[in-house]
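Down below is the structure, laid out as structure tokens.
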Amino acid sequence: MPNGLLCPAPAELRVEHLTVEGAVITVVARACRPAVACPACGQLARRVHGWYVRTLADLPWEGHRVRLLAHVRKWCCDAGGCARRIFVERLPRTAALYAHRTCRAAGALEVIGFALGGRAGADLAASLGLDAGRTAVLARLRAAIPVASPTPRVLGVDDWAERRGRTYGTVLVDLERHAVVDLLPDREATTFAAWLRAHPGVEIIARDRGGVYAEGARLGAPDAIQVADRFHLVRNLTQAIDRLVLRHHTAVRAAAVACGAATPLPRDTGRQRAYSGLPANRPGPTAPERLSAERRARRLALYEQVVALHAAGTSLLGIARQLGCAVKTAHAWVHAGAFPERRVRAVPQPRVIDPFADYVRQRYDAGLDRARVLEQELRP
């Protein structure tokens with residue numbers, strides 16, 4: 001078998017033999033370079049001081065774990081001014097310094113981690129023969145070197161919540177490549193301006209309607225064009241149309257009638273259905289009260305079944321299994337002596353609109369059913 005299929009870097013190691021023990025394949029290799037540069041001074045060393053074995057995990061073969069035993073050398077540096085007299089041979093193409101996996105095994109683990117994350121990535125790696133837990137997968141993700149991305153021409157800026165209501169940051173997105181460029185630790189204008197100064201070349205900045213990012217863009221990239229992002233642009237348009245239609249509500253209703261629409265109810269004339277006739281205001285129990293009564297009836301029926309089974313000699317565990325309730329609940333009901341009623345909640349606090357309830361009913365009965373117009377009347 002060619003040496004390149006067994007060894008991660010044939011220029012650094014030469015395979016001597018391999019053994020198979022159960023589900024583990026052990027590959028024994030030996031360093032083969034005639035000279036190695038000293039990591040301190042860079043001079044080539046040609047005198048060997050000794051040998052030691054470095055154990056590395058490699059890519060699996062057909063689901064079998066592979067262990068690479070690399071016999072590497074300790075070299076003597078003969079440079080006069082070098083402070084390091086003895087150094088261990090590095091294998092940069094085989095494995096990183098102090099690593100326990102080969103570079104190709106670590107790369108495969110990194111790809112799995114980026115695709116699936118920690119726990120799911122560890123499960124897939126174990127099924128493939130890569131011996132790695134979720135902490136090892138996450139460690140590979142943290143150690144991954146991010147790919148340097150060019151400065152975006154069209155930059156989108158918005159805030160993101162690390163802890164909603166407490167800690168916020170800023171996310172920067174390249175709107176042409178649809179990729180996140182950077183995350184800033186806060187949403188201050190000075191931080192955003194500093195990032196723009198460090199990354200010149202932004203031509204268009206899409207932001208929200210807040211003044212913080214507008215000030216940061218003005219300080220960091222004064223020549224860039226500031227525009228509203230798509231969400232706030234649609235929101236601005238919706239609010240403008242809503243204000244316009246509300247201002248010309250009478251003309252819009254007249255135009256709808258002229259175009260053949262159904263005749264709307266007049267705004268200032270009486271109607272057949274009054275406020276007191278609405279479903280939520282009709283005499284009798286409300287929907288929440290009916291729901292509460294239904295739930296009480298179900299609890300009462302379950303309570304009677306628990307008491308009857310206990311009187312017949314059934315154990316609490318048997319009652320819980322038969323009725324599908326908790327053992328703790330069955331125990332409490334058996335020793336309660338009577339049906340335990342729900343605790344009555346505290347009386348709700350009065351609402352701000354309660355003093356104007358009569359006025360609301362009067363205006364609704366007069367034909368006003370638009371909440372926004374009613375709120376404008378009540379605001380003064």
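- Under the salt bridge (charged side-chain N to carboxylate O under 4.0 Å, His left out) criterion, the residue pairs touching residues 107-129 are Glu110-Arg140, with sequence neighbours excluded.
- Every pair passing side-chain hydrogen bond (donor to acceptor under 3.5 Å, both in side chains) that includes a residue from residues 23-48 is listed here, sequence neighbours excluded: Glu16-Arg30, Thr26-Arg67, Arg33-Glu89, Arg47-Asp78.
- Side-chain heavy atoms closer than 4.5 Å link hydrophobic residues (I, L, V, M, F, W, Y) into clusters, and following such links, even through other members, never connects Leu97 to Val53.
- By the rule that hydrophobic residues join a cluster once side-chain heavy atoms approach within less than 4.5 Å of another member, Val137 and Leu124 end up as members of one cluster.
- Side chain of Arg90 to backbone of Val88: a donor-acceptor contact under 3.5 angstrom is found.
- Tyr359 is connected to Val373 through a chain of hydrophobic side-chain contacts under 4.5 Å among Ile, Leu, Val, Met, Phe, Trp and Tyr, so both are in one cluster.
- Counting non-hydrogen atoms of neighbouring residues, nucleotides and ligands closer than 6.0 angstrom, the NE2 atom of His100 reaches no more than 12 such neighbours.
- Formation of a donor-acceptor pair under 3.5 Å by the Thr238 side chain with backbone atoms of Val234 is found in this model.
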Quiz: residues 215-227 side-chain donor-acceptor pairs under 3.5 angstrom, not counting sequence neighbours:
{"unit_1": "Glu215", "atom_1": "OE1", "unit_2": "Arg218", "atom_2": "NE", "d": "3.3"}
{"unit_1": "Glu215", "atom_1": "OE1", "unit_2": "Arg218", "atom_2": "NH2", "d": "3.3"}
{"unit_1": "Glu215", "atom_1": "OE2", "unit_2": "Arg218", "atom_2": "NH2", "d": "2.5"}
{"unit_1": "Gln226", "atom_1": "OE1", "unit_2": "Arg207", "atom_2": "NE", "d": "2.6"}
{"unit_1": "Gln226", "atom_1": "OE1", "unit_2": "Arg207", "atom_2": "NH2", "d": "3.3"}
{"unit_1": "Gln226", "atom_1": "NE2", "unit_2": "Ala214", "atom_2": "O", "d": "3.4"}

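- Taken together through direct or relayed side-chain contacts under 4.5 Å among Ile, Leu, Val, Met, Phe, Trp and Tyr, Ile204 and Val173 form part of one hydrophobic cluster.
- Placement of Leu309 and Leu317 within a single hydrophobic cluster is found when ILVMFWY residues are connected by side-chain heavy-atom separations under 4.5 Å, directly or transitively.
- The 12-atom threshold is exceeded at CZ of Arg73, counting heavy atoms of other residues, nucleotides or ligands nearer than 6.0 Å.
- Using modelled atom types, one side-chain atom of Asp354 and one backbone atom of Arg351 make a donor-acceptor pair closer than 3.5 Å.
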Start with the C-alpha gap between Thr55 and Leu68, add the side-chain angles, then the distance that decides, and say whether side-chain contact (heavy atoms from CB on, under 4.5 Å) holds.
-> CA-CA 6 Å; Thr55 304; Leu68 176 63; over 6 Å; no
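- In Arg85, the CZ atom is crowded: over 12 heavy atoms of neighbouring residues, nucleotides or ligands sit closer than 6.0 Å.
- Residues Asp159 and Thr170 have side chains that never bring a donor and an acceptor to within less than 3.5 angstrom of each other.
- Using modelled atom types, one side-chain atom of His335 and one backbone atom of His331 make a donor-acceptor pair closer than 3.5 Å.
- Ion pairing between a basic and an acidic side chain is recognised when a charged N comes within 4.0 Å of a carboxylate O; Glu294 and Arg290 show no such pairing.
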